[in-house]
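To keep things clear, I will list the structure first and then write my remarks on it.
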Amino acid sequence: MKVYFDSAATTMLDPQVIDEMIQYMGDEYGNPSSTHAFGRKTRVAIDLARKRVAAHINAEPSEIVFTSGGTEADNMAILCSINDLGIKHAITSAIEHHAVLYPLEQLAREGRIKLSIVRVLSNGHIDLDHLRQLLETNERSFVSLMHANNEIGNLLPLNEVAALCEEFNAVLHSDTVQTIAHYKLDVRSLNVHFITCAAHKFHGPKGVGFLYVSNKIKVNPLIRGGAQERSMRAGTENVYGIMGLAKALDLAYANIDQDVSYIRDLKFYMIKKLRETFSEVQFNGDAEGESLYTVLNVCLPETDKKEMLLFNLDIEGVAVSGGSACSSGSNIGSHVLTAIGSNPNRPSIRFSFSRNNNKEEIDYAVSKLKSIYELPLITK
Ligand SMILES: Cc1ncc(COP(=O)(O)O)c(C=O)c1O
C-alpha cells in the first residue's frame, strides 16, 4: 500500500487542472504580450483567470500579481514594503516559514530595519499582548505573521491581528500559503495589505502562485523588464501555470464545505487512533483547537528508533514529513518545534491530509507506526 500524508508539502494535481493546463501547453501557446491573434487569446485567458482568482478572495483583479509561488510572493511583500513604504521596524515570529524569516533577517543584518520577534506561546499561538506592546513601543511597523503554520497547523486569529495593525497604522503581510483554497478569505473585510498563495498546496501546479497587494498601498516591482503584471513583475507569464492555479482555486472553492468536513473528520480519526495505540502520544501545537484541519503534528513516545522512523515508514509506503526540535546547537532540527519547546528526545511527525486520503490509509499508517515501535532494535 502507498499512502501519501504530506499534502502540506505538496498535493497531487487534480485531473481537471491537468486538462486545463494541457490546452495552454499545446494549441494555446501564444505569448500574452504579442498583439496578434495567438497572443490575444492567451492575454484574454490570463485576464479572465486573474478576475476569477480575485473574486475568490474578494479582491480587485488589479490587486493580484502572479508569481513563481509562495516564496517569491513572501519575499516580494517584505522587500517591497521595506524598499518603498519608509518602514524601519518589522515584527515577525520565530515560527514563520523561511521564505519570511530569511529576507527579514537579511534586512536586519544590513541595518535597514530593526527586527522584533513576537513571543510564541507553548501551544504555538502568537502572544497578542506582546504584539500590541511591540506595536505600541515602536515606530510604524511592518508585520508578517502567517495565517496557518505549515508544520504544526496553528491558525492565527487574522481578524484580531489585522484590527491591531489597523489601530497602530502598521502594514500587515500574512503568509496564507496553507490557507488559501482551504478557508474562505475576504480581503475587503480585513485590514491586510499582502497575502500570499502557492497553487501546489491545493491540487494546482508547482512554480506558480500570487501575491495580493492591497490597492491602498503603492509599491514598486522587484523584477524589472517587461510590462507584464501591470509592470509589477516583469517576464513572460507562466500561462499554463496561471491557468492551472485558477482552475485549482475554482475547484477548491466549489467544494470547500464538503472537503473541509471530510478532511477534518480524517484528522480527528487519526488523533483517536493514535491515542488508542500510543498512550503517551501528544500533539504539537493546538491540534484540537485553532488549527488547520489538514495538518496533524504528532509527538510520539521516546524510542531508540527515532532516527529510523521516517525511513521505516517510507519503506512501508507511508509518506510523511519529519521534524524534531533542535537538541543541540549543531543539530539542525525544526525551528518551529524548537520555538514552541517541543521535547527534542521525542520524535515528531507531521501528517498532512487532502481529499484524496481515507480512513483505511490512516489505519494502515498507524498500524505500521506501531509495528516499527515494536521492532527489536538491531545492534552490532
Ligand atoms: C507557509 C508556507 N509559506 C511559503 C511556502 C513556500 O512556497 P513555495 O515552495 O511554493 O515557494 C510554503 C511551502 O512549503 C509554505 O508552507
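Ligands are counted one by one from 1 in listed order, and the atoms in each one are counted from 1 as well.
The nearest protein atom to atom 11 (O) of ligand 1, hydrogens excluded, is given as T71 OG1, 2.6 Å; this is a heavy-atom distance. Given atom 3 (N) of ligand 1, the protein heavy atom at minimum distance is D175 OD2, 2.6 Å. The nearest protein atom to atom 12 (C) of ligand 1, hydrogens excluded, is given as H97 NE2, 3.4 Å; this is a heavy-atom distance. Here the protein heavy atom with the shortest distance to atom 14 (O) of ligand 1 is K201 NZ, 2.7 Å. Looking at atom 10 (O) of ligand 1, its nearest protein heavy atom turns out to be H200 NE2, 3.0 Å.
Using a non-hydrogen distance threshold of 4.0 Å, E72 does not register as a contact of ligand 1. The shell of residues lying under 4.0 angstrom from ligand 1, judged by heavy atoms, excludes E96.
Which parts of ligand 1 touch A198 is read off a 4.0 Å heavy-atom cut-off, strictly below it: atoms 10 (O). The atoms of ligand 1 that sit less than 4.0 Å from any heavy atom of M146 are 1 (C).
The aromatic rings of Y29 and F38 are tilted relative to each other, their planes meeting at an angle between 30° and 60°.
Of the N or O atoms in G70, one or more lie within a sub-3.5 Å distance of an N or O in ligand 1. In terms of polar-atom proximity, defined here as any N/O pair under 3.5 Å, Q178 does make such a contact with ligand 1.
The salt bridge (charged side-chain N to carboxylate O under 4.0 Å, His left out) test with D363 singles out one residue from K272, K273, K370, and that residue is K273.
In this structure, L155 and L292 approach most closely via the heavy-atom pair CG-N, 3.9 Å.
Proximity of a side-chain donor or acceptor of T137 to a complementary backbone N or O of Q133 within less than 3.5 Å is detected.
With ring centers used as reference points, F5 lies under 6.0 Å from F353. In this structure, the ring of Y183 has its center less than 6.0 angstrom from the ring center of Y293.
For D74, every heavy-atom contact with ligand 1 shorter than 4.0 Å involves the side chain, none the backbone.
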**Request:** Let me see the working for S371 and E374 under side chain to side chain donor-acceptor pair (under 3.5 Å), right down to the final yes or no.
**Result:** CA-CA 5 Å; S371 46; E374 286 167 354; over 6 Å; no
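Take K51 and apply the side chain to side chain contact (heavy atoms under 4.5 Å, CB included) test, not counting sequence neighbours, and it matches P61.
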